[in-house]
Amino acid sequence: MTRPADSEGDPETETASTSEPAANAEYGSKPFKRSRSHFADRITADGRDGWPVEAGRYRLVASRACPWASRAVISRRLLGLEDALSLAIVDPIQDDRSWRFTLDPGGRDPVLGIRFLSEAYDARERDYPGGVSVPAIVDVPSGKLVTNDFQQITLDLATEWSALHRPGAPDLYPEARRAEIDEVIADNYRDLNNGVYRAGFAAQQSEYEDAYRDVFRRLDLLSERLAQRRYLVGDTITEADIRLFTTLVRFDAVYHGHFKCNRFKLAEDPVLWSYTKDLYQTPGFGDTVDFHHIKQHYYRVHTGINPTGIVPLGPDLASWLTPHYREELGGRPFGDGTPPGPVPPSEEVPATGRP
């Protein structure tokens, strides 16, 4: 399988690999460059990389703050893989050992028994010099990291894990539309998903302005594309919508102010705002979003661009639940499938993180 072209970088390595306080202060003082995923093994139906799909064997480690990890959380939920692939949520605030399990009793993940995700990285490769990034999938029996290849994880959940999908699971990466999905994903990654980071972490005015223009050129094009169609590709939710949503849902809360992407707020573009609200109100999307985690992470970890660590109180979240009227465009959110069931009680987003 050829993966979409947002394979250029590792998810939260721009944060995780520079998580020490001194390194955090370097944000905005050196050029931004996203590193590549180092552990690119795949979990497949035939187990060709040594990691066969197996219910209960693996654990997905994610941060609700991270847009790249949130993709995997959404995909897992839409496909009904909750019982097959367990979920660990890390603290949105990192210390000098990066992502940590301080949200769990005793500060340890109850399944893996570790305090830091880096321990799973060490079990796989001692003295690995790169960053500790999420999403990460860990082999529970051995405690070893299997993959941190965020761009492939969601594609494999949609295709290689199909034997474990819930009845009525949607086809998030339909074969007949993969070329178009891949093209849309690549354009959005270059200008928007990664563009907001290039703007936020720019070290020079010219770098910032170039990234800013890319971001809003892409938003304008997306607004045009979505004006008469409910979803990005075809009439159902696909991988392309998931990858766009995790950036758009963070836009007004962090990218507009924190990353200086401030030509307009998402809520000021009627098409993009309605599109994002439509997805937010779709089971499997908004019920995975924790705005508290998002703001705590960006504003408190990126000390180089927010040295005070002050976290803004806004924006008001109530508008996320207002009508979007996108159903008037038609479309079938889950295609021939059905919505996912209720969120497992242990995975519900706390009231502090939702409208």
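These numbers come from the heavy atoms of this one structure, side chains and all, not from hydrogens, waters or symmetry mates.
- Salt bridge Asp95/Arg97: absent, no basic N to carboxylate O contact under 4.0 Å.
- For the pairing with Arg100, the side-chain contact (heavy atoms from CB on, under 4.5 Å) check across Val90, Ile114, Asp109, Ile93 returns one residue only, Ile93.
- Using cut-offs of 30° and 60° for the angle between ring planes, the Trp320 and Phe291 rings count as tilted.
- Aromatic ring centroids of Phe264 and His256 lie 6.0 Å or more apart.
- Checked options His293, Arg243, Arg250, Arg64; the residue passing with Ser70 is Arg250 (criterion: side chain to side chain donor-acceptor pair (under 3.5 Å)).
- Atom OG in Ser118 sits 12.0 Å away from atom OH in Tyr128 (nearest 0.5 Å).
- Side chain of Arg59 to backbone of Leu85: no donor-acceptor contact under 3.5 angstrom is found.
- Each of Arg124, Arg48, Gln152 was scored for a side chain to side chain donor-acceptor pair (under 3.5 Å) with Asp41, with one residue passing: Arg124.
- When the shell of 6.0 Å around CG of Asp336 is examined, it contains 12 or fewer heavy atoms from other residues, nucleotides or ligands.
- Checked for salt-bridge contact, Arg190 and Asp214 miss the test: no charged N lies under 4.0 Å from a carboxylate O.
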Begin from the C-alpha positions of Asp290 and Arg354 and carry the test salt bridge (charged side-chain N to carboxylate O under 4.0 Å, His left out) through to its verdict. CA-CA 6 Å; Asp290 190 324; Arg354 48 189 168 85; over 6 Å; no
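- Side chain of Glu327 to backbone of Arg230: no donor-acceptor contact under 3.5 angstrom is found.
- Both Leu317 and Leu248 belong to a common hydrophobic cluster when Ile, Leu, Val, Met, Phe, Trp and Tyr are linked at side-chain heavy-atom distances under 4.5 angstrom.
- A donor-acceptor contact shorter than 3.5 Å is absent between the side chain of Asp187 and the backbone of Val184.
- Ion pairing between Asp287 and Arg77 holds under the 4.0 Å rule for side-chain N and carboxylate O.
- Ion pairing between Arg332 and Asp235 holds under the 4.0 Å rule for side-chain N and carboxylate O.
- Counting non-hydrogen atoms of neighbouring residues, nucleotides and ligands closer than 6.0 angstrom, the CG atom of Asp220 exceeds 12 such neighbours.
- Counting only distance, with no hydrogens or angles, the side chain of Trp99 and the backbone of Val132 share a donor-acceptor pair below 3.5 Å.
- No single ILVMFWY cluster, assembled from side-chain heavy atoms under 4.5 Å apart, contains both Leu329 and Trp273.
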Kindly indicate, with the supporting measurements, whether the criterion side-chain hydrogen bond (donor to acceptor under 3.5 Å, both in side chains) is fulfilled by Ser274 and Arg326. CA-CA 7 Å; Ser274 296; Arg326 293 283 291 181; over 6 Å; no
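- When the options Thr159, Asp182, Thr154 are evaluated for a side chain to side chain donor-acceptor pair (under 3.5 Å) with Tyr173, the one that passes is Asp182.
- Residues Phe116 and Tyr121 do not share a hydrophobic cluster, defined by chaining ILVMFWY side chains whose heavy atoms lie under 4.5 Å apart.
- Of the possible donor and acceptor atoms, one in the side chain of Asn148 sits under 3.5 Å from a partner among the backbone N and O of Phe39.
- Residues Tyr275 and Tyr231 keep their aromatic ring centres 6.0 Å or farther apart.
- Tyr197 and Tyr298 have tilted rings, their planes meeting at an angle from 30° to 60° on a 0 to 90° scale.
- In terms of modelled atom types and a separation under 3.5 Å, the side chain of Thr44 and the main chain of Gly47 share a donor-acceptor contact.
- When atom types are taken as modelled, the side chain of Lys277 and the backbone of Leu321 share no donor-acceptor pair closer than 3.5 angstrom.
- Leu78 and Val349 fall into different hydrophobic clusters, where Ile, Leu, Val, Met, Phe, Trp and Tyr residues are linked whenever their side-chain heavy atoms come under 4.5 Å apart, directly or through other members.
- Side-chain atoms of Lys265 never come within 3.5 Å of backbone atoms of Phe251 as a donor-acceptor pair (strictly under, hydrogens ignored).
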Take Asp49 and Arg42 through the test side-chain contact (heavy atoms from CB on, under 4.5 Å) and record every step on the way to the result. CA-CA 6 Å; Asp49 285 355; Arg42 293 175 60 190; 3.6 Å; yes
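- The hydrophobic cluster containing Val311 also contains Phe259, counting ILVMFWY residues as joined when their side-chain heavy atoms lie under 4.5 angstrom apart, directly or transitively.
- Listed for the Asn306 side chain is no donor-acceptor partner under 3.5 Å among the backbone atoms of Arg300.
- No salt bridge links Arg229 with Glu224; every basic N to acidic carboxylate O contact stays at or beyond 4.0 Å.
- Taking the charged nitrogens against the carboxylate oxygens, Arg115 and Glu119 have no contact shorter than 4.0 Å, which rules out a salt bridge.
- When atom types are taken as modelled, the side chain of Thr282 and the backbone of Asp278 share a donor-acceptor pair closer than 3.5 angstrom.
- Within a 6.0 Å radius of NZ in Lys144, other residues, nucleotides and ligands contribute 12 heavy atoms or fewer.
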